[in-house]
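Data block below; observations after.
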Amino acid sequence: MITVELDNFSLKQICQSGQCFRMRETEENTYELIAGDQYLKLTQEGTIVTFHCSDVEFLCYWVPYFDIDADYAGYIEKINPRDHYLSAAAECGSGIRILRQDLWEMIITFLISQQNNISRIRGCIDRLCKRYGEQKYSEEGVEYWTFPTAEQLGTATEEELRALGMGYRAKYLVETTRSILSGEVSLEKLYRMCYYRRARQELMKLSGVGEKVADCICLFALHHMDAFPIDTHIRQVLDIHYKRGFPNRRYHGLRGIMQQYIFYYELTGAADIHRTK
DNA sequence: GGCCAGGTGTTAA
DNA sequence: TTAACACATGGC
């Protein structure tokens, strides 16, 4: 167990930011997270965050995962103070972090996310893990299922996935899994690609991966902080608040976190207050 | 009961 | 290059 004081860090906001579907609040200020084949319990009181794991696991795994060493206050300072909308959004979601999640998991997760709502996405992921993942137990005896590997998901048929409630995305899941298993698209190569645009283009070779899903994968797995996923919510914000376009130049290399502040602001309903002003 | 949800692929102009 | 449409399913 390790306890640290962290600024600009909120488990609640990270949990609700819609980038991770395997983290949940189990009780007040207590969260559980499954990442890779790891299970982690976390608690937070104010700026004090407790990671229920060893020092080594914290340093080697969870520090990079939660982007703990990055200076998010510095990101927020770069916001144009005359942009009242973005300033309010960042203030609202100032504890959000861009996680470093598993690439394969993000590909499958955001394939499922398309034309879908958050609660149903969670359900789909849960069913997928229980059906094709591995059952495990934490040190405290909490039961959990790992996210299915490409090999494990490779055993699924389109019919099975439809029966599991994946809808029309079942076909995308089967085809994309095949592309990864065959090596037509290489996860290792994607991890090594330094340029956001290259990775994005490569991801879009996968069935069911368009611009938006590719951007989510780039941001939430590959940590390309310039990725700016445009979904229905963001589209509306751009139409209302950024009629002359989002200031991409100003926020070059930071567009991803700005997108998350906006998305969270819209999702939590805090933006409604702003809009009626 | 329509409408919407972190869109994409296909087809036709 | 752009526009219209189909695609599953659950929650409101």
Side-chain angles (χ1 to χ4, degrees), chain A residues 13-24 89 92-93 96-99 101-103 105-128 130-131 156-180 184-185 196 199-242 246 255-272 275:
Chain A
Q13 290 175 14
I14 291 166
C15 198
Q16 292 178 354
S17 68
Q19 54 180 310
C20 179
F21 295 89
R22 309 220 63 205
M23 179 174 175
R24 63 191 75 215
C92 173
I96 294 172
R97 296 281 166 150
I98 304 292
L99 306 179
Q101 299 183 80
D102 180 75
L103 176 57
E105 188 172 326
M106 288 301 96
I107 290 171
I108 297 304
T109 295
F110 282 93
L111 268 183
I112 291 170
S113 78
Q114 64 175 263
Q115 202 65 16
N116 213 336
N117 60 63
I118 298 222
S119 67
R120 198 159 88 94
I121 297 166
R122 267 185 199 279
C124 286
I125 305 288
D126 286 348
R127 289 194 295 279
L128 211 60
K130 283 188 180 166
R131 176 69 178 78
T157 64
E158 185 180 331
E159 291 69 32
E160 280 173 19
L161 292 171
R162 278 177 184 270
L164 220 51
M166 302 300 145
Y168 70 88
R169 306 163 199 82
K171 187 179 178 186
Y172 297 155
L173 293 175
V174 169
E175 290 177 350
T176 284
T177 301
R178 195 166 53 219
S179 296
I180 298 297
E184 183 189 339
V185 172
Y196 153 56
R200 184 182 200 256
Q201 193 178 19
E202 186 68 11
L203 283 164
M204 285 174 64
K205 290 180 182 171
L206 296 169
S207 172
V209 177
E211 296 184 346
K212 189 269 171 185
V213 169
D215 278 335
C216 285
I217 299 165
C218 280
L219 187 57
F220 302 138
L222 300 174
H223 213 73
H224 287 302
M225 292 292 276
D226 205 39
F228 190 88
I230 298 175
D231 64 17
T232 54
H233 299 116
I234 300 294
R235 171 52 57 199
Q236 284 180 36
V237 171
L238 294 180
D239 290 344
I240 294 168
H241 296 283
Y242 299 97
F246 191 73
R255 302 195 311 148
I257 182 62
M258 299 305 155
Q259 190 274 3
Q260 278 301 98
Y261 291 143
I262 294 171
F263 183 77
Y264 178 81
Y265 194 44
E266 293 294 319
L267 208 71
T268 55
D272 292 341
R275 194 163 297 134

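Naming: A, B, ... by sequence-line order, numbering from 1 per chain. As a basis for the values below, the full set of heavy atoms in this structure was taken, side chains included, without hydrogen atoms, waters or symmetry mates.
- The shortest side-chain heavy-atom distance between A:I118 and A:L267 falls under the 4.5 Å cut-off.
- Pairing each heavy atom of A:L203 with each of A:A214, the nearest pair is CD1-O, 3.9 Å.
- More than 12 heavy-atom neighbours from other residues, nucleotides or ligands sit within 6.0 angstrom of CD on A:E158.
- Base contact: A:S17 has a heavy atom under 4.0 Å from a base atom.
- C:dC5 and B:dC3 are spaced 14 Å apart, taking the P atom of each and rounding to whole Å.
- Residues A:E158 and A:S119 each lie close to DNA chain C; by heavy-atom proximity, the contact nearer the 5' end of the strand is made by A:E158.
- Looking only at side-chain heavy atoms (C-beta outward), A:I112 and A:L173 come within less than 4.5 Å of each other.
- Within the structure, every side-chain polar atom (N or O) of A:R120 is placed at least 4.0 Å from both OP1 and OP2 of C:dG11.
- Using P as the reference atom, B:dT10 and C:dA8 are 14 Å apart when rounded to the nearest Å.
- Contacts of A:R169 with the nucleic acid, taken as non-hydrogen atoms under 4.0 Å apart, include base atoms.
- A:I121 has its CD1 atom 13 Å from the C1' atom of B:dC4, to the nearest Å.
- In the set C:dT9, B:dG7, B:dA5, B:dA5 carries the atom at the smallest distance from any side-chain atom of A:Q236.
- Residues from residues 225-235 of chain A that place a heavy atom under 4.0 Å from any atom of DNA chain B, listed by number: A:P229, A:D231, A:T232, A:H233.
- Here A:Q260 lies in heavy-atom contact (under 4.0 Å) with a base.
- Salt-bridge formation is not detected for the pair A:D215/A:R255: no Lys NZ or Arg NE/NH1/NH2 atom is positioned less than 4.0 Å from an Asp or Glu carboxylate oxygen.
- Summarising the geometry, the separation between CZ on A:F263 and P on B:dA5 is reported as 11 Å, rounded to the nearest angstrom.
- When all heavy atoms of A:L206 and A:I180 are compared, the pair lying nearest together is CD2-CD1, 4.1 Å.
- Smallest separation of non-hydrogen atoms from A:L111 and A:Q114: O-CG, 3.2 Å.
- When rounded to the nearest whole Å, the span between OH of A:Y172 and C1' of B:dT10 equals 9 Å.
- Rounded to whole angstrom, the span from the CG atom of A:N117 across to the P atom of C:dC12 amounts to 9 Å.
- Between A:M204 atom CE and B:dG7 atom C1' the separation is 11 Å, expressed in whole Å.
- Side-chain atoms of A:R127 do not come within 3.5 Å of backbone N or O of A:M166 as any donor-acceptor pair.
- The backbone N or O of A:R97 sits less than 3.5 Å from a side-chain atom of A:Q19, completing a donor-acceptor pair.
- A:F220 comes within 4.0 angstrom of a nucleotide base, judged by non-hydrogen atoms across all strands.
- The interatomic distance linking A:L111 (CG) with B:dG9 (C1') rounds to 13 Å, in whole Å.
- Look at CG on A:N116: it is 14 Å from P on C:dC12, rounded to the nearest Å.
- Rounded to whole Å, the distance from CD on A:E159 to P on C:dA8 is 12 Å.
- Residues that satisfy the side chain to side chain donor-acceptor pair (under 3.5 Å) test with A:E211, not counting sequence neighbours, are absent from this structure.
- A heavy atom closer than 4.0 Å to some atom of DNA chain B occurs in A:L206, A:S207, A:G208, A:V209, A:G210, A:E211, A:K212, A:V213, these being the qualifying members of residues 206-219 of chain A.
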